[in-house]
> 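Okay, handing you the structure first.
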Number of protein chains: 2
Amino acid sequence: MTKRPVGIKDVAAAAGVSVTTVSHVLNDVAYARVGTETRERVHEVAQRLGYGPNRLAQALRTQRSGMIGFISEEIATTPHAGRIILGAEETARARGYNIMIINSTSTGSQDSRESDVADLLDRQVDGILYATMYHRKLSVPRNLSGVPAVLVDSEDISNSVSSVIPDEAGGARLAVQTLIDAGHTRIGMINNTDDVPATHSRLKAFQDTLADAGLTFHEELVHSEISEVPGGYQAALRVLKSPNRPTAIFCYNDRMAMGAYRAAAKLGLRIPEDISIVGFDNQQLIAENLYPALTTVALPHYEMGAWATKNLIDAIEGKTDLQQFTAQPTILPCPMVLRESVAAPPSNSHSRGTDLSARTTT
Amino acid sequence: MTKRPVGIKDVAAAAGVSVTTVSHVLNDVAYARVGTETRERVHEVAQRLGYGPNRLAQALRTQRSGMIGFISEEIATTPHAGRIILGAEETARARGYNIMIINSTSTGSQDSRESDVADLLDRQVDGILYATMYHRKLSVPRNLSGVPAVLVDSEDISNSVSSVIPDEAGGARLAVQTLIDAGHTRIGMINNTDDVPATHSRLKAFQDTLADAGLTFHEELVHSEISEVPGGYQAALRVLKSPNRPTAIFCYNDRMAMGAYRAAAKLGLRIPEDISIVGFDNQQLIAENLYPALTTVALPHYEMGAWATKNLIDAIEGKTDLQQFTAQPTILPCPMVLRESVAAPPSNSHSRGTDLSARTTT
DNA sequence: GTGAAAGCGCTAACAC
DNA sequence: GTGTTAGCGCTTTCAC
């Protein structure tokens, strides 16, 4: 059936050497002195026989499996998971590691989460990546300590395990600044109602950026709703109907921005001529396909996956101490991605805006 | 560091029995006769010591790793991958298996794809799942034969490995029938230009369903474009501008449907009052959030992942022979998901349509 | 330069 | 009922 019971000793026999020699040359052991001619012969034979090392046996012997456990909640519901996994997988594979995946429901009990970790530990993974699909604080399973581990897109509540998160504030500042740079002076925001870090830091960044630019923050121009399309629609409707309506809106995420598009359409407002919109998340499916395409800020999912994996492996291999990252999360930048939804404010607005881009499209 | 060097022999020592006994009770070996009292003691001690089996050692000994390799192309680009992975992971875990993931680029060479398989084989996976993100035919890496394997969402060109695919035709029939049932008699279609199975089978199903209902197929009412939003927009514009325009459009996928929504808006046509739209794929982000929400047909990604895994494991455990599925792919149904984009045709249309739902919204 | 042999943690004959 | 032991495929110490 599986025609691969060719082991190191088959190679040894065929090459007329001992298993030790085979092991030495195949692993390029530094201190081993093996004749060049023997080396070549071993390689040639191994190749010809189609030898492949049994990584399990190696692992048992060396106490290093070369496997990284990846616990992720809600793998399926967002495309974000894919980006994190990809970042992790590519980084791991480049260094000879493989990723073992476990899906954990966010509704799972503490017990079930511990047993997810135990599963992985039984498999002898060298380290664990623990990923969430949106940035938040959580208390990690107890049995995670003692193993090299890094949290992706979340922070440990007790700061005992290293983690990597997006620069929410920086991204938000970029978004708001983009609006300011386009000439907007009266800017609204539609925010999330959940009590997660992003809600607070994006709002604060919004205020700070306004302040830094000498613009006033109008409380009545920020409305919060559930961070989905309908919520975005409702909130946007409210800000757009406010007495002195803003010329631009900063949206908590792309889905809410999608709702804002609909609100604008409903009110007969053109984007970006009458109202500029900027989102957050860079969900391709939405951002690229909305009309006009949405200017938004990207979350560094791939990069977080890659960073986490690189540092996890460095720690496993003793090149680095994960402890150094434990005190506070590592923060990765959220780049701006410019598309079509931002323009200068309409020239007849109450702003000091210039009328440079009074292009009419309909 | 890792405080878990507690093995079977530690348990044996602490319980005052031999390792055999421990192994027997922990694995519930059928033929082993062990005293009830001993059993309890062993369990208790194992528990107390926090014993966890070393799955690597077990695997080495039993020649069964309990790991399933999952090769997927483009893990990150579509949410579909997540659903397949989830179906596979949940099914596997329920049976004591874990999933090892490898991302393979669809642009990769035959060689690189063979080495993806080799990687997994070195890891001693018990079987391999090979998934693509859209349904198509491919030639599998040569070294995949000889290992239990199943293709997910694709077919082997030489029909030598079992596979599971969506019922494209059935889904398309459902979609078209939904339109017919709503009273439409003049129906257009916007199709994909790629030469993939779905393109042909969805078109054929479209024609067949029309024929079965005694409706005529109008060649000029089907237009093809690249299967993305802009393509959908262009194609829909063309069908909607045709002399005697249809009252409903069947779209190749949800993205094209999104384009069709824009085309309708551009032309001042209301959905579903003036024109009914049905999509394909059930991409939540789009289908649920478009306004009005899109009626579409779902692709059974989760189910395919689950089916593939169940049957792979059955084969691994000798409960089933995968050979039986090899001659032709197993086909899983694509259920209809009804939302808001279909209504009866406008009463003033040339159809025999009733005017039951002449609700005006705008 | 090369090889013999121990042992990673476990299972499963087989012996008692 | 319970214990002894060989060996899964490999790495590595040590001897030659």
Side-chain angles (χ1 to χ4, degrees), chain A residues 2-43 45-46 49-67 96 121-126, chain B residues 2-43 45-46 49-67 96 121-126:
Chain A
T2 313
K3 51 146 205 276
R4 270 228 311 109
V6 33
I8 206 181
K9 70 175 58 151
D10 298 302
V11 177
V17 295
S18 77
V19 296
T20 309
T21 306
V22 174
S23 175
H24 281 171
V25 355
L26 259 25
N27 294 313
D28 250 339
V29 178
Y31 58 83
R33 307 143 307 171
V34 180
T36 332
E37 194 250 344
T38 314
R39 290 198 117 82
E40 285 169 1
R41 185 151 36 91
V42 170
H43 274 125
V45 172
L49 263 39
Y51 169 79
N54 181 327
R55 298 274 246 133
L56 257 39
Q58 283 184 166
L60 187 59
R61 183 58 238 242
T62 59
Q63 304 291 48
R64 188 134 289 174
S65 66
M67 296 192 303
L121 258 18
D122 288 350
R123 290 276 184 202
Q124 311 299 120
V125 296
D126 293 333
Chain B
T2 314
K3 53 151 202 272
R4 271 230 307 109
V6 33
I8 205 183
K9 72 175 54 153
D10 299 303
V11 177
V17 295
S18 76
V19 294
T20 310
T21 305
V22 174
S23 175
H24 281 169
V25 354
L26 258 25
N27 294 312
D28 249 339
V29 177
Y31 58 81
R33 308 142 308 170
V34 179
T36 330
E37 193 251 343
T38 315
R39 291 199 115 81
E40 284 169 1
R41 185 151 34 93
V42 170
H43 274 126
V45 173
L49 263 41
Y51 169 78
N54 181 328
R55 299 274 247 132
L56 257 38
Q58 283 185 170
L60 187 60
R61 184 60 236 244
T62 60
Q63 304 290 49
R64 189 134 290 174
S65 65
M67 297 193 301
L121 259 19
D122 287 350
R123 289 275 183 203
Q124 310 300 115
V125 296
D126 292 334

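No hydrogens, no waters, no symmetry mates; every other heavy atom, side chains included, goes into these values. Predicted, not measured: the structure shown is a model, and the values here were computed from it. The chains referred to below are lettered A, B, ... by the order of the sequence lines, with proteins before strands, and numbering in each begins at 1.
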> Nearest to the side chain of Asn27(B) - dT11(C), dG7(C), dC8(D)?
dT11(C)
> Whole Å only: how far is the CD atom of Gln124(A) from the P atom of dC10(D)?
18 Å
> Any donor-acceptor pair under 3.5 Å linking the side-chain atoms of Thr20(B) with those of Ser23(B)?
no
> Among dT2(C), dT11(C), dG7(C), find the nucleotide with the atom closest to the side chain of Thr38(A).
dT2(C)
> Leu60(A) has an atom CG; how far is it from atom P of dA6(C), in whole Å?
17 Å
> If the cut-off is 4.0 Å, is Ser23(B) near the phosphate of dT11(C), judged by side-chain N/O to OP1 or OP2?
yes
> Between Arg41(B) and Ala57(B), which has a closest nucleotide on DNA chain D that is more 5'?
Arg41(B)
> Using a 3.5 Å cut-off and no angle test, enumerate the donor-acceptor pairs between side-chain atoms of residues 34-43 of chain B and protein atoms at least two apart in sequence or in another chain.
from	atom 1	to	atom 2	distance (Å)
Arg39(B)	NH1	Val34(B)	O	3.1
Arg41(B)	NH1	Ala15(B)	O	2.3
His43(B)	ND1	Arg39(B)	O	3.4

> Whole angstroms only, please: what is the OH-P distance between Tyr51(B) and dC10(C)?
4 Å
> Please give, in whole Å, the distance from dA5(C) P to Lys9(A) NZ?
13 Å
> Quick one: CZ on Arg61(A) to CG on Leu56(B), what's the gap to the nearest 0.5 Å?
14.0 Å
> Send over the distance from Tyr31(B) OH to dC14(C) C1', rounded to a whole Å.
10 Å
> Could you tell me whether the side chain of Pro53(B) reaches within less than 4.5 Å of the side chain of Leu26(B), counting heavy atoms only?
no
> Ile8(A) has a side chain; which of dT11(D), dT2(C), dC8(D) sits nearest to it?
dT11(D)
> Quick one: are Ile8(B) and Tyr51(B) in side-chain contact, heavy atoms under 4.5 Å?
yes
> What is the distance from CD of Gln63(B) to C1' of dG7(D), rounded to the nearest Å?
11 Å
> Do the non-hydrogen side-chain atoms of Met67(B) and Arg123(B) ever get within less than 4.5 Å of each other?
yes
> Going by heavy atoms closer than 4.0 Å, what residues in residues 12-22 of chain A are next to DNA chain D?
Thr20(A)
> His24(A) NE2 to dC10(D) P: how many Å, rounded?
14 Å
> Specify the separation, in whole Å, of atom CG of Leu56(B) and atom C1' of dT11(C).
15 Å
> Is it the case that the side chain of Ser65(A) and the backbone of Gln124(A) share a donor-acceptor pair, with hydrogens and angles ignored and the cut-off at 3.5 Å?
yes
